[in-house]
Amino acid sequence: MTSRVLRSRRNTVIGVVLTAVMLFPVYWMLNVSLTPQQDMRKSPPDLFPLHPTFTGYRAVLDDQLPYLWVSLLIGLGTVALTLVLAAPAGYALAKLRPRGAGLLGLLLLIAQMVPGIVMAMGFYGIFLNLGIMNTWWGLVVADSTIAVPFGVMIFAAFMSGIPDELLSAAKVDGANVWRTFTSIVLPVSRNAVVTVSLFSFLWAWSDFVFANTLDAGGNMRPITLGIYKYIGNNNQEWNAIMATAVVASIPAAVLLVLAQRYVAAGVTAGAVKD
């Protein structure tokens, strides 16, 4: 047996072991979601759901669907607002090269380093003064402040690789800047659009800091706050909590599987120059 084959098998074994370790929390979440409430404090715990119950999932269908719809609304709104702002800004930085573009790029990088809780407290004061606490579109604006700087950098990196000759040809044909952007640049930037959309949605879908800080006790709460219904001082419904977490993880997992090819191309765009 050649050394190449041995090395390949060793790498495969290591990869399988590491994957199993990283996916074990996901499996345990699924295991607990199927475990009856009376078996939660069993020691040692069952590694498999010997007496599975779907009580937690029935609770999700009865209690959590409104929160899931609100999270979906916030996620889609964040994607739309991020694309509307980030795509033209990325195109301007990559191809129009306005004065101060380097400084703007630095500011976008610094914006991503600001802790979320600091931004949340700033939004709290603004939203409280404007009377817009606990609105879904307020959370869209808040979540977009994280997604837009990332989106601008991804779009700028991707669009910088578009040949200038293509844009010059469009200009010769009479297309203005906006027509060139919408008819030529955006269609060929599909990978960047999918990448930015995916990460924007995932950030909004999993957001807890903004949602918890800007919540005023209303009905428009995302799923990250809906889970709190099952947590109290003297009662923790772990069965329902984990079932909700499993259901909330499904959209993110499906999107990641469907978009992984575009994301791999989108995040590496601009890394290599010819």
Side chain proximity check, F155 to L83, heavy atoms < 4.5 angstrom | yes
With a 4.5 Å cut-off on side-chain heavy-atom distances among I, L, V, M, F, W and Y, is there a chain of contacts connecting V84 to L139? no
Scanning both residues in full, the closest heavy-atom pair of A170 with I184 reads CB-CD1, 3.2 Å
If two hydrophobic side chains count as joined below 4.5 Å and joins carry through other members, does Y124 share a cluster with I117? yes
Q: Could you tell me whether a side-chain N or O of N239 sits under 3.5 Å from a main-chain N or O of Q37, the two making a donor and an acceptor?
A: no
Treating S71 as the side-chain partner and L68 as the backbone partner, does any N or O pair qualify as donor plus acceptor under 3.5 Å?
no
Taken to the nearest 0.5 Å, the spacing of F201 CZ from I74 CD1 works out to 10.5 Å
All heavy atoms of M121 vs all of T213, minimum pair found to be SD-CG2, 4.2 Å
Check for a donor-acceptor pair, side chain of S183 on one end and backbone N or O of T180 on the other, with a separation under 3.5 Å. no
M242 and Y27: same hydrophobic cluster, using ILVMFWY side-chain contacts below 4.5 Å? yes
Inset, instruction - Flag the pair T145 / F123 as yes when at least one side-chain heavy-atom distance between them is below 4.5 Å, and no otherwise. - result: yes
**OP:** Answer yes if L214 and V114 sit in the same cluster of Ile, Leu, Val, Met, Phe, Trp and Tyr residues linked by side chain heavy atoms under 4.5 Å apart, and no otherwise.
**Re:** yes
### Validation row: W205, L72 side chains within 4.5 angstrom (heavy atoms)
yes
Scanning both residues in full, the closest heavy-atom pair of A87 with L186 reads CB-CD2, 4.2 Å
Given side chains that start at C-beta, do those of T53 and T35 come closer than 4.5 Å, heavy atoms only?
no
For V79 and S197, the nearest pair of non-hydrogen atoms, with its separation, is CG2-O, 3.4 Å
| Where does the angle between the aromatic ring planes of F199 and W203 fall among parallel (under 30°), tilted (30 to 60°) and perpendicular (over 60°)? | tilted
CH2 (W137) and OG (S144) are apart, to the nearest 0.5 Å, by 12.5 Å
CG of N11 to CG of L6, rounded to nearest 0.5 Å, is 11.0 Å
The side-chain hydrogen bond (donor to acceptor under 3.5 Å, both in side chains) partners of S168 (sequence neighbours excluded) come to none
### Message
Quick one, L225 with F208, criterion side chain to side chain contact (heavy atoms under 4.5 Å, CB included). Give me CA distance, side-chain angles, the key distance, then yes/no.
### Response
CA-CA 7 Å; L225 294 185; F208 176 78; 3.7 Å; yes
Report task. Using distance alone, with no hydrogens and no angle criterion, decide if R9 and T12 have a side-chain donor and acceptor under 3.5 Å apart. Result -> no
Checking Q64 side chain against G226 main chain: does a donor-acceptor pair fall under 3.5 Å?
yes
**Q.** Main-chain N/O of I132 paired to T135 side chain as donor or acceptor, under 3.5 Å
**A.** yes
Rounding to 0.5 Å, atoms CG (L108) and CG (L104) come to a distance of 4.5 Å
Side chains of L47 and N31: closer than 4.5 Å at any heavy-atom pair?
no
With sequence neighbours left out, the residues meeting ring-ring contact (aromatic ring centres under 6.0 Å, His included) with F181 are Y91, W178
I want to check something: taking the side chain as every heavy atom from C-beta on, are T55 and R58 in contact at a cut-off of under 4.5 Å? yes
dist Y57:OH -> L34:CG (nearest 0.5 Å) comes out at 5.0 Å
Of T82, N191, V148, the one forming a side-chain contact (heavy atoms from CB on, under 4.5 Å) with V196 is T82
Side-chain polar contacts of residues 243-258 - donor-acceptor pairs under 3.5 angstrom, sequence neighbours left out - could you list them?
from : atom 1 : to   : atom 2 : distance (Å)
T244 : OG1    : A240 : O      : 2.8
S249 : OG     : A245 : O      : 2.7

So CZ of R221 and OH of Y67: to nearest 0.5 Å the spacing works out to 6.0 Å
Heavy atoms of V70 and P222 approach each other most closely as CG1-N, 3.9 Å
query: What about I227 and W69, same hydrophobic cluster or not, with Ile/Leu/Val/Met/Phe/Trp/Tyr joined at side-chain heavy-atom distances under 4.5 Å?
result: yes
**Item:** Stepwise side chain to side chain contact (heavy atoms under 4.5 Å, CB included) test for I162 and S189
**Value:** CA-CA 9 Å; I162 298 176; S189 302; 3.9 Å; yes
| task | Please check if the side chain of D207 supplies one atom and the backbone of A211 the other of a donor-acceptor pair under 3.5 Å. | result | yes
I146 and F210 have their tightest heavy-atom pair at CD1-CE1, 3.5 Å
